[in-house]
2 protein chains.
Amino acid sequence: MTARHEEIADELRRAIDREEYTVGGLLPAETDLAAHYGVSRGTVRQAVASLTAEGLIGSRQGARRVVLAGRRSQSFAELRSFAQWAQTRGREASGEVVGQRYRPATQEDSVRLQLEPGTTVLHVLRVRGLDGEPVLLERTVYADWISPAVAAIEPGCPSVTQRLYETTGLVFAYGEHVIDAVAAGARDARLLGVRRTSPLLRVRRVTTTREGRPVEWSDDRYRSDAVSFSVHNSIGNNALARKTAG
Amino acid sequence: MTARHEEIADELRRAIDREEYTVGGLLPAETDLAAHYGVSRGTVRQAVASLTAEGLIGSRQGARRVVLAGRRSQSFAELRSFAQWAQTRGREASGEVVGQRYRPATQEDSVRLQLEPGTTVLHVLRVRGLDGEPVLLERTVYADWISPAVAAIEPGCPSVTQRLYETTGLVFAYGEHVIDAVAAGARDARLLGVRRTSPLLRVRRVTTTREGRPVEWSDDRYRSDAVSFSVHNSIGNNALARKTAG
DNA sequence: AAGTGGTCTAGACCACAGT
DNA sequence: CTGTGGTCTAGACCACTTT
């Protein structure tokens, strides 16, 4: 059962894709859309709000809404796991566990995962590839309560997120990503097949359950010749902030 | 004149900062908040929607809203210029134009700025610093219609965005940022005071007016030991996507 | 002056969570 | 079953843009 406002949002997205509404052009007025779809103005506003959040359209009080962008990449506004993301790109994701061991939680681990210091956590080092080529090195620390489920996964599993959903029902939800650049160390270079000191894009992230309980934190290093990040944002609606080190 | 729902959103943010609502704890029900603030439920929903968009709270149908994060950095959800951002951090922003010249728009320029190929655009190379230390190298291309206002700015102006707002009324609005890592070239290294091949965080961005008209595009290279990016996101509401090169 | 989006209300019904 | 958030309506008034 899909909400009516989502159906309308989808229809508008498709209309923009079809260039029925062209970039730089105007959307119909709220009252016209409401009449056209046979709903109230409030429902139309819910629909266009999601397009605005995606950066597809802009709006100013008193003037008609403007189409800002077209050619949406499928499900742009949805955070996906590496494997899911690869799939929408038509690429094949692979993964291989290179190292895995239990350790007592450091101060940093305990803060990020909201555990008692010394709790046993699981460190996993994974190389992940696109169409067989290594592009990402994941150093992940899992909280104690999820570690058994992670350790039970075979080393070559292409989608850990998917597997954890199947085995535990866990849905990964909210997270913060801190992005910077680092030089490849000797081990990074060997595992990713690049030269030492090559620039890598580093993303440190914490993943939590929908309830806000931390599940894992990870230091991900991407080959910058293979992957980049894209952040869409607008004044009054975005999720980007610069951050100083330290 | 501030909207009531924004006032309520601010009060809730402050209450979270004060730890009146603790991380992991529950927010009061919508109807309770509505009664407390003397507004309708719809207005409360507008308020909590903005906290949700900021990743501060999470919600699931049927259950009370959960506080996901506290310790907000001031105006987290607002995209700011380099100078404005530095100011909120209590750092002093500086800027120095290293090179500036007019060139005919290349194919890339004309696509990104939506101009005719061959239109004269303004290229500016700026070094920007925090507390006197260089941290960012900006290679910016300005559209022809804004170039005169940019060229009139003195080379050491700390905030180009602020100046352009004062002189032209222009408000920078929507943009897309593509983030990756590059090795410092000889010139990058000299201007930023780092070694050659040091990893730099590169952000390529297009800035437009509120109406969606492109104003400038820029290749920004940050010293990764000085600055990183932070992206907040949640399932169903985020602005992050990985992107393959090419 | 007319059109349009932004805000707010009061009430209704439903789907899902927790008991 | 009760509480809670998600959806939707119908109407009102205001602020801003456009003509």
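In the text below, chain A, chain B and the rest are named by the order of the sequence lines, each starting its count at 1.
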*Indicate, yes or no, whether a donor-acceptor pair under 3.5 Å links the base of C:dG18 to the side chain of B:R64.*
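Counting by modelled atom types and ignoring angles, no donor-acceptor contact under 3.5 Å is found here.
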
_Quick check: on DNA chain D, is the nucleotide nearest A:G62 upstream (toward 5') of the one nearest A:T43, or the reverse? Name the residue that is more 5'._
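Result: A:T43.
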
*Comparing A:R41 and B:E30 on DNA chain D - which has the more 5′ nearest nucleotide*: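 Per heavy-atom nearest nucleotide, the more 5' residue is B:E30.
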
Carboxylate-amine/guanidinium proximity below 4.0 Å for [X] and [Y]:
| X | Y | result |
| --- | --- | --- |
| B:R205 | B:E216 | yes |
| B:R163 | B:E154 | yes |
| A:R13 | A:D10 | yes |
| A:E7 | A:R4 | yes |

*So what does A:R65 touch, heavy atoms closer than 4.0 Å: a base, only the sugar-phosphate, or nothing?*
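Sugar-phosphate contact only - A:R65 comes under 4.0 Å of backbone atoms but never of a base.
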
_Heavy-atom side-chain contact between B:D109 and B:T119 under 4.5 Å_ =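 Contact flag for B:D109/B:T119 side chains = no.
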
In this structure, how many angstroms lie between the [atom2] atom of [N] and the [atom1] atom of [X], rounded?
| X | N | atom1 | atom2 | answer |
| --- | --- | --- | --- | --- |
| B:L26 | D:dT4 | CG | P | 10 Å |
| B:H5 | C:dT9 | NE2 | P | 11 Å |
| B:Q61 | D:dG5 | CD | P | 11 Å |
| B:L27 | D:dG6 | CG | P | 12 Å |
| B:R45 | D:dG5 | CZ | P | 9 Å |
| B:Y37 | C:dC8 | OH | P | 14 Å |
| A:E7 | D:dT7 | CD | P | 12 Å |
| A:R4 | D:dT7 | CZ | P | 14 Å |

*asked:* Which nucleotide wins on minimum distance to the side chain of A:A63, given the candidates D:dT18, C:dC8, D:dG5?
replied: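 Closest nucleotide among those given: D:dT18.
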
*side-chain N/O B:S59 vs D:dG6 OP1/OP2, d < 4.0 Å*: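 Result: yes.
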
